[in-house]
Amino acid sequence: MTTREKESLNAMTNDTPTLRFDGRAFVNGERVAARDGQTFDCLSPVDGRLLTPVARCGAADIDAAVAAARAAFEDRRWAGKSPAQRKRAMIRFAELIEANGEALALTETLDMGKPVRYASGVDVRSAANCIRWYGEAVDKVYDEIAPTPDTALALITREPVGVVGVIVPWNYPMIMAAWKIAPALAAGNSVVLKPSEKSPLTALRLAELALEAGIPPGVFNVVPGYGPEAGSPLALHMDVDCIAFTGSTRVGKQIHVMAGQSNLKRAWTELGGKSPNIVFADCPDLDAAVEAAVGSIFFNQGESCNAPSRLFVEASIKDAFLEKALAKVPAYQPGNPLDKDTVMGAIVDETQLATVLRYIESGKNEGAKLLAGGERVAPVAGGCYVQPTIFDGVRNDMTIAREEIFGPVLSVLSFTDVADVVRQANANVYGLQAAVWTRDINKAHGVARALRAGTVHVNQYDEDDITVPFGGFKQSGVGRDKSLHAFDKYTEIKTTWIRIDSPI
Ligand code: NAD
């Protein structure tokens, strides 16, 4: 972090008392209360403070938002603009996110507990970059003409799918929303977004900024509320053409059922993970492998779908690896997320904290060895904090190795045989990401091929870019976010046959 960035963060965190939040829904270009007037309290996991009441929307509010989105789509106020016009509005939208970046970052930190240095340096930047990238892309993608006989012309064109419902989780509220709304809006769709009830505030602000950027009223609507009350009516809605979901595998399965039960809307799901990180004894840089193993599981308090939560270390280097890993743990002790130096913040709420602590108990009860952490702590009174936790002696069939914890808990397993570690790595319902560390190019390629995961990292775990697809094999979901592939989710392919009676 540069000195200027630090000064800027200092100034920001002094600003929290002046921040004002608006928890009302955003429908048809306006802030509105839930139709029945109900609200729920949005509490900060930083210190338990009440941030604001938020509209507790239900089926009637979803109906109103879908109707607004449908009307906007049918009169083509957005879909009918040229790609270059949509590009300009999207780029302006990205610029406004950056211009409002400080308030957005503070809001994200207060709402879901992540350190403000990352809310600012990662979440705001990535969300703006994503929206700009899809805006930039949309007037550079071409349609196709099929290689048919001369007697006809067959055009293969992409059209927006229509009204897109988006449901997102709380761990990267702005980024998860941006990964979906950016390609959906760029392609000309109208969107109804339901943010997580645990982190609804930045999504509501994004909708205001989109309007200010020139995205017409009704095109981007945000309806906060609980999953069964607001999410289900959206997934079941007969006038929603596509539902794009990020969240747990449990709810993701219900989303596909709801799509089938209603109008067979296109359903895309980005779900959970239990990613294996395999370190061979011939790892080219043990320090880098340790840094990545520890840093990636503790980043965002372990609340990352792609966190490398199962660490397989070759038996001959395990002791050396663990010694280095344990030496890093003190640097990740939780602190006040509003403090610019904090690298691990608060768990999103009391419910998620209780889940993490339950998994830690199950690790102890099933015979894993607790090497570090394991306790709730209180760097800020009233907040939700847990120590960075490492278990050794984990077996792949233990609960903490099988199930997604979504907290800062690393399970360490050891192995001696390549085929066996690949079998163990793949023996899980998830297939989101994986990593392999070795200096042997044959082993790197062979293992990367054999791992059943949407992304495999070789000798690093940090690379990420909007240009590459993100998504999972198996029960980690269906479809891909990011990259040009994301347009596949939000467009229909149409074939138009034109008869040619050539005079020549
Ligand atoms: P969750 O499934 O509990 O909730 C996700 C969203 O679904 C929330 O907005 C919630 O309100 C809504 N929801 C809940 N029940 C619903 C229902 N019955 N009908 C419709 N909507 C409903 O997940 P979470 O706890 O918010 O997020 C954590 C999960 O998200 C983890 O499993 C994580 O791995 C996953 N995730 C995946 C990715 C990815 O790209 N693969 C990225 C981030 C998070």
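Order of appearance sets the numbers: ligands from 1, and atoms from 1 within every ligand. Since this is a predicted model, take the numbers as computed values, not measurements.
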Visitor: Which label fits Phe487 and Tyr134: parallel for a plane angle under 30°, tilted from 30 to 60°, or perpendicular past 60°?
Guide: perpendicular
Visitor: Of all the heavy atoms in Tyr172, does at least one lie under 4.0 Å from an atom in ligand 1?
Guide: no
Visitor: Any N or O of Thr249 that comes nearer than 3.5 Å to an N or O of ligand 1?
Guide: no
Visitor: Check ligand 1 against Val251 and write out every atom of the ligand that is under 4.0 Å from a heavy-atom position of the residue.
Guide: 2 (O), 13 (N), 14 (C), 15 (N), 16 (C), 17 (C), 22 (C)
Visitor: Take every heavy atom of Lys198, measure it against each atom of ligand 1, and state whether any distance is under 4.0 Å.
Guide: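 For ligand 1, residue contact (heavy atoms, under 4.0 Å) with Lys198 is absent.
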Visitor: Quick check on atom 4 (O) of ligand 1 - does any protein heavy atom sit closer than 4.0 Å to it?
Guide: no
Visitor: Below the 3.5 angstrom mark, is there an N/O of Lys194, backbone or side chain, next to an N/O of ligand 1?
Guide: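 The answer is yes, given that Lys194 and ligand 1 share an N or O pair closer than 3.5 Å.
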Visitor: Evaluating non-hydrogen atoms only, which member of Gly247, Pro169, Pro200 is closest to atom 29 (C) of ligand 1?
Guide: Gly247
Visitor: Is there a donor in the side chain of Gln475 and an acceptor in the side chain of Thr249, or the other way round, less than 3.5 Å apart?
Guide: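 Checked: Gln475/Thr249 side chains show no N/O donor-acceptor pair below 3.5 Å.
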Visitor: Using a strict cut-off of 4.0 Å, indicate which atoms of ligand 1 neighbour a heavy atom of Thr246.
Guide: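 Per the distance check, 5 (C), 36 (N), 37 (C), 38 (C), 39 (C), 42 (C), 43 (C), 44 (C).
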Visitor: Report yes if some N/O of Ser232 lies less than 3.5 Å from some N/O of ligand 1; otherwise report no.
Guide: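 It does: an N or O of Ser232 is found under 3.5 Å from an N or O of ligand 1.
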Visitor: Any nitrogen or oxygen of Gly231 lying under 3.5 Å from a nitrogen or oxygen in ligand 1? Just yes or no.
Guide: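 No; every N/O pair is 3.5 Å or more apart.
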Visitor: Among residues at least two apart in sequence or on other chains, which ones pass salt bridge (Lys or Arg N to Asp or Glu O under 4.0 Å) with Asp481?
Guide: Lys180, Lys489
Visitor: What atoms in ligand 1 come closer than 4.0 Å to a heavy atom of Gln254?
Guide: 18 (N)
Visitor: Is the count of non-hydrogen atoms from other residues, nucleotides or ligands lying under 6.0 Å from Arg376 atom CZ greater than 12?
Guide: yes
Visitor: Within a reach of under 6.0 Å around NE2 of His485, are more than 12 heavy atoms found that belong to other residues, nucleotides or ligands?
Guide: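 Result for NE2/His485: open.
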Visitor: Can you name the residues that form a side chain to side chain donor-acceptor pair (under 3.5 Å) with Asp239, not counting sequence neighbours?
Guide: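 With neighbours one apart ignored, the set is Arg70.
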Visitor: Specify the closest pair of heavy atoms between Ile97 and Ala128, including all atoms of both residues, with the distance to one decimal.
Guide: CG2-CB, 4.0 Å
Visitor: Atoms of ligand 1 less than 4.0 Å from Met258 heavy atoms?
Guide: 19 (N)
Visitor: Less than 4.0 angstrom from a charged side-chain N to a carboxylate O is my criterion; do Lys364 and Glu361 meet it?
Guide: yes
Visitor: Would you tell me which option among Phe470, Trp170, Phe406, Tyr430 has the nearest heavy-atom contact to atom 33 (C) of ligand 1?
Guide: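 Considering heavy atoms of Phe470, Trp170, Phe406, Tyr430, the nearest to atom 33 (C) of ligand 1 sits in Phe406.
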Visitor: What atoms of ligand 1 come within less than 4.0 Å of a heavy atom belonging to Cys305?
Guide: 33 (C), 34 (O), 36 (N), 37 (C), 38 (C), 39 (C), 40 (O), 41 (N), 42 (C), 43 (C), 44 (C)
Visitor: Could you check whether any side-chain heavy atom of Lys474 comes within less than 4.5 Å of a side-chain heavy atom of Ser476, counting everything from C-beta outward?
Guide: no
Visitor: Determine, considering heavy atoms only, which of Val166, Ile167, Asn171 sits nearest to atom 44 (C) of ligand 1.
Guide: Asn171
